[in-house]
Amino acid sequence: MKASEFYAPTLRAVPAEAELISHKLMLRAGLIRKSAGGMYSYLPLGWRVMKKIMQIIREEMDAKGGQELMMPITQPAEIWQESGRWAVYGDEMMRMKDRHGREFCLGPTHEEMITSLIRGEVNSYKQLPLMLYQIQNKYRDEIRPRFGLMRSREFVMKDLYSFDKDLDGMNISYEKMYDAYDKIFTRCGLKFRAVEADNGAIGGGHSHEFTVLAPSGESSIAYCESCDYAASDEKAELKVICAEVEEMKPLEKVLTPNCHTIEMVKNYLKVPIEKTIKAVAFQDDDGRLILAFVRGDHEVNEIKVLNATNALHLHMAEDSAINEAGGCAGFMSPIGLKDGAAIVVDLTVMEMFNAVAGANEVDTHFINVNPKRDFDAEKIIVTDIRMVQEGDPCPHCGKSLKMTRGIEVGQVFTLGNKYSKALNATFLDENGKEKFFEMGCYGIGVGRTMAAAIEQNNDADGIIWTRAIAPFEVVIVPVNAKVPEQLDYAEKIYDELKNLGVDVLLDDRTERAGVKFKDCDLIGYPIRVTISPKTLESNSVEIKVRRSGEIFHFDRADCVTKIFELLKNL
Ligand code: ATP
Ligand code: MG
């Protein structure tokens, strides 16, 4: 490709609308342009990167037996009504009516579509396993579309769905996809972790999020440096922390005037915070009171509380609901509450001795609370409900966990028969028995992957592409393209590189050299080959490696093979 014919508008100014570095660079380097909030055009440079990422994805999906197909983006409401998600998907779903008033949505995902596609057609266990995928636009009317392609309303997703005859088969499909994702993100040159994730509303069994490590990421993850454990902060399992065993002293009520926070209680009674028990009061959609208790220095993890109580949503509790249950806001404990509230106590709380907790009366606390002795075991749910913190022990190896932020670029889920059951998709097994398919679903955000790669690979001058996903692998810059000898010299090298299969751009624009160099750095081609009067004279070329900034001078005779070799490590 010749730059003089290539549409690649770069911007010198930093666009005001962009916060994240990747978003700024994608606009400045001419990869994307906005059309409306969360809607973008991919310009030729950006689309070249997208196509390379999609090609890597295709190769790895196909290597595992995936078969590419293409389903409609527009989906009839009926299949979503069958699964029950038409009502619950809410405002995130883009809905529309056709001229006859029939309802449709623009697909935010395709579990319903693919299940309805194969039901009735795949009838026998002999046709399984089946892994079908597509790469197409998805639509989600995000509340806060932002950060360019990171969280947009129209975005390109690869989604694969697996169908198996039993759970063992489903788990094998899951392992295959996990492995494929590992290969995809490694080939894209990303630093990432497979993070144990909460299944969220999609339901089903286990799940991992493939998360690119970046301080700007929206996900918070806990990971271990000593082993490969990593989990989202919502999911990270925590082992019980046992306090030193003490002799249990008699329970006692003490006055704690105005001490309605843990900080105040701890200061007033002069006890370490690890000796206090903190309460958080919620109500679910039905108004049920849910009381969660953790150690004073710990935080409640609402997702774990949801899972422990089978609630759908949690809201902060009204004082009236707390009073009705015999409690008192700011002075709560499980001791002496009336029946009716769900009481969830963190594992670590149960191991405390002679602790401080509310007495369910204004300005009053208990001291010498010994949960094993004083909490009514029949009335409480004891489980892990706390939020992970830096330094917590790793659930796998016991070493200290670290916290970091990341960008979720892909997710793998086992679904079990959730959708096959809801849409009544069955097959006949070896014994002629009718069974529901055991399914899995596996998504990758292609644009988000491109954005994450930039987020992780940039400097003050611009983007630094890994060769595998660079819009061009090599750019050749004759410093003055108006000089026929320079252009001629450059064109020959261009042809030789092309013949070797290198993806190369010839910057034959008649711009000043400084402008062209700035564009090269901004767009971030891995290798720049410079042709100048000096290199012509010495019959050589100058090579600049974008990532390291290294400069090499290669003889003209073997420069092409040397560039080819250099590329292998970029
Ligand atoms: P998030 O939690 O970030 O909203 P999600 O968990 O809802 O994402 P999935 O349903 O797992 O997303 O979709 C698969 C992949 O699609 C994600 O891993 C992500 O890479 C991409 N993706 C999801 N939503 C968006 C979006 N609004 N813009 C760009 N990419 C997205
Ligand atoms: Mg996800």
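Source: prediction; values computed, not measured. Counting starts at 1 for both ligands and their atoms, in listed order.
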### Query
Are the side chains of N171 and E438 in touch, meaning some heavy atoms are under 4.5 Å apart?
no

### Task
Would you indicate whether the side-chain heavy atoms of I454 and L31 approach each other to under 4.5 Å?
yes

### Task
Give a yes/no on ligand 1: does G447 have at least one heavy atom closer than 4.0 angstrom to it?
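Not so, G447 does not reach ligand 1.
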
### Query
Is there a heavy atom in M150 that sits closer than 4.0 Å to ligand 1?
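It does, in that a heavy atom of M150 comes within the 4.0 Å cut-off of ligand 1.
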
### Query
When you measure from atom 5 (P) of ligand 1 to each heavy atom in E154, R140, E218, M157, which option holds the nearest one?
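Among E154, R140, E218, M157, the closest heavy atom to atom 5 (P) of ligand 1 belongs to R140.
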
#### Entry: Option of least heavy-atom distance to atom 3 (O) of ligand 1 (set: K158, R151, R153, R144)
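The option holding the nearest heavy atom is R151.
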
### Message
Need the ligand 1 atom indices (1-based, order shown) with element for anything under 4.0 Å from a heavy-atom of G410.
### Response
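Taking each heavy atom of G410 in turn, ligand 1 has 18 (O) under 4.0 Å.
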
### Message
Could you tell me, atom by atom, which parts of ligand 1 come under 4.0 Å of a heavy atom of V409?
### Response
18 (O), 20 (O)

### Query
Does the N or O separation between G445 and ligand 1 drop below 3.5 Å for any pair?
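N/O-N/O distance below 3.5 Å exists for this pair.
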
### Query
So, is G443 polar-close to ligand 1, with some N/O to N/O distance under 3.5 Å?
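The answer is no, given that G443 and ligand 1 share no N or O pair closer than 3.5 Å.
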
Are [X] and [Y] close enough for a salt bridge, meaning some N to O gap below 4.0 Å?
X	Y	answer
K24	E19	no
K52	D503	yes
R102	E78	yes
D346	K278	no
E68	R58	yes

### Task
Establish, yes or no, whether the cationic atom of R95 lies under 6.0 Å from the six-membered ring centre of W86 and within 45° of the ring axis.
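Because its charged atom sits under 6.0 Å from the ring centre and within 45° of the axis, R95 does stack over W86.
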
### Query
Which one holds for L149 and ligand 1: side chain close, backbone close, both close, or neither close, with close meaning a heavy atom under 4.0 Å?
backbone

### Task
Classify the contact between E142 and ligand 1 as side chain, backbone, both or neither, using a heavy-atom distance cut-off of under 4.0 Å.
side chain

### Candidates V195, T211, I303 - the one meeting side-chain contact (heavy atoms from CB on, under 4.5 Å) with S232
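Among V195, T211, I303, the one that satisfies the side-chain contact (heavy atoms from CB on, under 4.5 Å) with S232 is V195.
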
### Message
Hydrogens and angles aside, do Y174 and H208 bring a side-chain donor and acceptor to less than 3.5 Å of each other?
### Response
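Yes.
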
### Contacts of the Mg ion (ligand 2) with protein N/O/S atoms, counting only those under 2.8 Å
E408 OE2, Q411 OE1

### Task
Report the residues that fulfil ring pair (Phe, Tyr, Trp, His ring centres under 6.0 Å) with Y133, sequence neighbours left out, ordered by chain and then residue number.
none

